[in-house]
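The block underneath contains the structure these notes are about, expressed in structure tokens.
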Amino acid sequence: MSGKGTGPGRTKTDLLQGTLDLLVLKALSLGPLHGLGVSSRIGQITRGTFQVKPGSLFPALHRMEEGGALTSSWGESENNRRAKYYRLTRAGRRQLERETEDWNRIALAMATALEAQ
Amino acid sequence: MMVPLSSRARSLWRNLFRRAVVERELDDELRAHLELVIAARLAEGLDPAQARRQALMDVGGVEQIKEAVRERRAGQRLETVARDLRHGLRSLRRSPGYTVTVVLSLALGIGANAAIFSLVEAVFLRSLPVPDPQALVFFSDQDGPRGSGPVAAMRLPALPYPLYQDLVSRNRAEALFSGLAAQQSGHTISVVRRLGVDEEPIAGAAGQAVTANYFEVFGVGAARGRTFTAEDQAAPGLRAVVVLSDRFWRRRFAGDPTVLGSRLAINGTSYTVIGIAPPPFIGSTPGNPVDFWVPLTMQEQLMRPKSEGRTSALWLDQPGQWWLVVFGRLRPAGSLATAEASVARTLQRYLAAHPELLGGGVEPQSVRIALEWGARGMAPLRSALRAPLTVLMVAVGLLLVVVCLNVSHLVLARAIRREREMSIRSALGATRGRLLGQLLGEGALLAAAGAALALVIVPWLSAGLLAFDPDRNDLALDLGRTLPVAGFTAALALATAILLGLVPAWRAGRGSLARALRTTAAALTADRSRRPASRILLVSQIAFSLVLLASAGLLAGTLARLRSADKGFEDEHLLVVRIDPRLGRLGEDGARRLPRALSARLSTLPGVYSASLSTYGLLSGASWTRSLSRSAATPRGEQVPMNTNGVTARYFDTVGMRLLRGPGFTAEGSETTPAVVVLNEAAARRLFGTVNVVGSRLHEHGRIPRDMEVVGVVRDARTQGLGRAPPPMYYVPVGQQDDFAGSVEIRTAGDPALLAPRVLRLVHREFPEVAVLDVRTMGAQVERTLTGERILATLAAAFALFALVLVSLGLHGVISQWASQRTHEIGVRMSLGTTVGSVRWLVLRQAFALVLIGLALGLPATLASSRLLRGLLSGLRPIDPGTLLASALALLAVATSAAYLPARRASRVDPAAALRCE
């Protein structure tokens with residue numbers, strides 16, 4: 001189960017979903033994070049463009065974990081609270097590489113297309 | 001992208017079976033998340049209460065998040081299905097009457113289909129129980145000529161042994177087949193006695209002479225002992241060894257292991273039992289089991305054919321004795337066409353070497369041997385059952401249609417009752433998909449329960465089918481819970497499940513919320529758009545029932561007509577004993593004289609008017625064909641092939657065939673007295689164009705041609721089958737023809753069945769050399785020949801009856817509903833002075849209207865189906881108005897009785913109460 005979402009949840013977030021997956025992968029590429037950490041890291045790296053709400057974050061995390069891109073374990077947070085930490089698996093890392101490539105290609109193509117006279 | 005399967009599977013497993021753990025973990029995670037958010041707010045300097053409120057707002061609805069996560073989980077759909085099924089189960093438990101009716105109807109409908117299909121599967125689809133059956137090829141014209149080419153090819157059903165040897169040596173060079181074996185065509189009904197143990201012999205065992213490599217080519221080894229080896233077939237009559245079928249061993253010897261190695265007397269020759277074949281193997285012909293096999297070299301001893309003139313009873317060296325079915329295994333490389341061409345070349349050479357085998361005018365090139373794939377074995381049963389099974393499949397399919405219509409109608413009524421529930425649930429946020437899922441879940445449960453019950457009853461239904469043939473002579477099949485039958489049942493169940501779910505879903509799709517939320521029944525009745533559906537279902541149900549009823553009537557009428565038809569002989573007070581006089585230690589002369597002594601002795605029994613002998617019994621299915629021509633005409637007239645039978649002088653008297661002309665046989669003829677012949681009417685007309693032919697002379701073209709004088713003409717009789725017109729036939733004195741007498745007819749004063757034990761005792765005591773194969777009344781023999789017709793008529797009647805019951809249930813439901821919706825109206829009418837009688841008529845009229853529309857629609861369908869039936873089955877007449885009328889009346893009567901109860905209930909409505917209920 002990659003970014004191509006199937007199943008009952010596939011609605012308006014279709015376009016966003018692939019983006020969200022990629023952002024989550026990117027956020028986790030620097031190291032394990034808990035849910036809140038993932039959303040604030042995404043906020044950081046997109047300079048606030050994306051505010052990921054828990055209602056889309058957690059389904060995405062669970063789905064990607066079931067898909068084998070992430071694994072999770074319980075750990076201690078910075079202020080000694082229990083939290084569930086997610087980290088990339090090797091499959092997740094490969095997916096990040098591949099989707100980054102895809103994304104760059106598409107973005108380039110789109111940019112070229114839109115700038116064409 | 002490739003989904004790591006293991007991780008998905010692990011998740012699926014956890015989600016489905018460790019739900020509690022998964023849910024707790026999710027809860028913990030979200031709780032921890034909330035704590036983290038609160039902590040972040042606190043760090044921003046908010047006070048605890050504010051931080052908490054702000055955090056809760058940030059996070060949003062925890063339950064919604066959980067639901068969103070759940071929806072993304074692996075196995076989410078499975079879980080939904082499980083929930084739909086649980087919901088369906090609960091809702092069905094709340095209406096047990098509905099559930100039981102639907103499940104029983106479906107079980108009977110699906111079960112009847114599965115039972116008939118089990119027969120179809122066993123006869124048409126099942127392969128022989130041998131390894132790699134696809135490679136088997138039979139050298140035989142299995143389905144009869146299907147002449148398609150311009151040449152009216154003469155196709156050979158069986159081959160002589162020398163030709164088989166030619167084929168084998170040719171194959172040694174070409175190696176198209178990995179092996180070629182042969183068996184006698186058909187089998188020999190034999191008498192078996194275990195020496196030193198059994199006093200009473202086992203009569204009616206089916207024996208077959210086969211080549212030594214028979215089992216090897218089939219790829220079947222012995223379950224115990226061994227099969228044949230080449231030494232067993234070294235020389236004629238040398239090795240008297242026998243292999244028993246497992247079925248025979250278990251049925252006749254109770255699976256006694258000491259039978260192996262013991263000695264059996266079979267048709268008067270003593271054999272050693274060398275092996276038992278493995279359980280499912282019963283030879284090459286499904287439904288027609290072989291009980292034991294002997295080497296081909298024992299043919300003479302097994303069959304004991306009579307030698308005649310130059311020809312010997314040993315068929316192995318006779319180039320013109322066509323008696324073997326050859327079969328082989330084609331090598332993977334070979335094609336059927338190549339093999340057929342090679343076989344044709346061998347056959348041409350054979351015919352060139354034996355020109356006497358070809359009749360005048362037949363070109364050797366036009367004679368061919370048809371090769372057929374033999375995975376399913378030899379075909380006689382398939383050919384015999386194709387038409388009746390087609391009829392049964394169609395009939396039982398119609399029955400299932402009626403069942404489904406009825407069940408849909410019940411489901412629909414229930415859906416209407418539940419419309420409020422559905423609307424409320426949809427108002428509470430259930431999507432169309434969820435509602436549809438729940439309805440489908442309910443349908444799936446009903447269909448699954450019906451199918452499960454069907455599978456339970458199928459073995460009984462199948463056993464009931466086989467019970468029509470009590471001796472298991474023609475239908476020795478293993479039916480029941482085989483894999484294909486289970487698959488067929490599952491497919492039917494799936495189809496009905498979808499149907500059961502879709503009917504209410506279609507309704508639900510049309511229902512509007514506001515309409516359904518209206519509360520009173522009266523408001524519902526005002527809405528007329530909901531009525532047609534159930535009525536259309538009911539009307540089509542009535543139409544289909546008419547087809548079933550009328551067809552059942554047609555088949556039953558045919559059966560009755562065949563039973564009571566003028567058979568040309570008297571079938572009452574007639575006992576028939578099938579004997580084999582060749583089994584004792586008597587010489588051939590003794591075997592010929594003995595039956596005559598037997599019939600003379602039987603005539604003296606008290607209660608016996610007369611006794612006679614014949615070579616082939618009435619309706620026994622056995623016959624012999626010879627050609628006759630008029631001797632007077634020179635050059636000799638046209639040769640007419642016809643059936644012949646050898647009889648004693650009192651035969652016509654005993655069986656009640658009336659002589660039309662001439663004295664008939666006045667004395668028992670023998671080979672030394674002048675040859676005489678009695679013709680039946682058809683034969684006399686065919687040969688001479690008149691019945692006044694006594695004194696004319698005929699020429700018989702046998703192996704020993706002879707001239708005969710006509711001494712009588714007898715009335716035509718249906719001796720070869722009740723369903724067809726009597727064929728031309730001639731009778732000669734039993735002493736003047738080839739075969740031994742095999743049948744004794746006894747005309748009795750009283751019930752012939754009562755005489756049977758006495759006849760048996762007398763034969764055992766006074767004629768121990770004569771084997772009695774069976775004793776039957778002619779009535780029982782008639783019934784045996786009508787087995788097929790009886791099966792069809794009985795099953796069609798059962799299906800029709802079931803359909804009638806369903807129609808009455810359906811009508812009762814529709815009319816009750818109609819009446820209860822009109823309680824108010826009826827109350828008004830009654831308060832205005834309408835009589836009880838006219839209220840009842842008002843309700844009954846509804847039922848009649850439905851039935852009449854159904855009948856009008858069913859009539860053309862019935863006529864079409866009767867045409868179809870007549871195309872498939874011989875001996876059917878076009879459907880008569882009487883049968884149609886009776887079927888229609890039966891439906892009307894059922895309608896009346898089904899509608900009577902609601903009518904009476906309606907007429908007892910208390911007008912005051914009815915008016916108040918608004």
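The structure presented is a predicted model; accordingly, all values stated were derived computationally and were not measured. In what follows, chains carry the letters A, B, and so on, assigned in the order in which the sequence lines appear, proteins first and then strands, with residues in each chain numbered from 1.
In this structure, the portions of B:Glu29 lying under 4.5 Å from any heavy atom of chain A include both its backbone and its side chain. Proximity to chain A involves both the backbone and the side chain of B:Glu25, based on heavy atoms less than 4.5 angstrom apart.
Every residue two or more places apart in sequence or in another chain was checked for a ring-ring contact (aromatic ring centres under 6.0 Å, His included) with B:Tyr98, and none qualifies.
Atom OG in A:Ser73 sits 9.0 Å away from atom NZ in A:Lys84 (nearest 0.5 Å).
Contacts with chain A were tallied for B:Asp58, B:Val37, B:Asp28; B:Asp28 has the most, counting heavy-atom pairs under 4.5 Å.
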>> Between A:Arg98 and A:Glu101, is the salt bridge (Lys or Arg N to Asp or Glu O under 4.0 Å) condition met? List the steps.
In response: CA-CA 5 Å; A:Arg98 198 173 43 248; A:Glu101 245 171 69; over 6 Å; no

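Side chains of A:Glu65 and A:Thr71: a donor-acceptor N/O pair is absent below 3.5 angstrom, by distance only.
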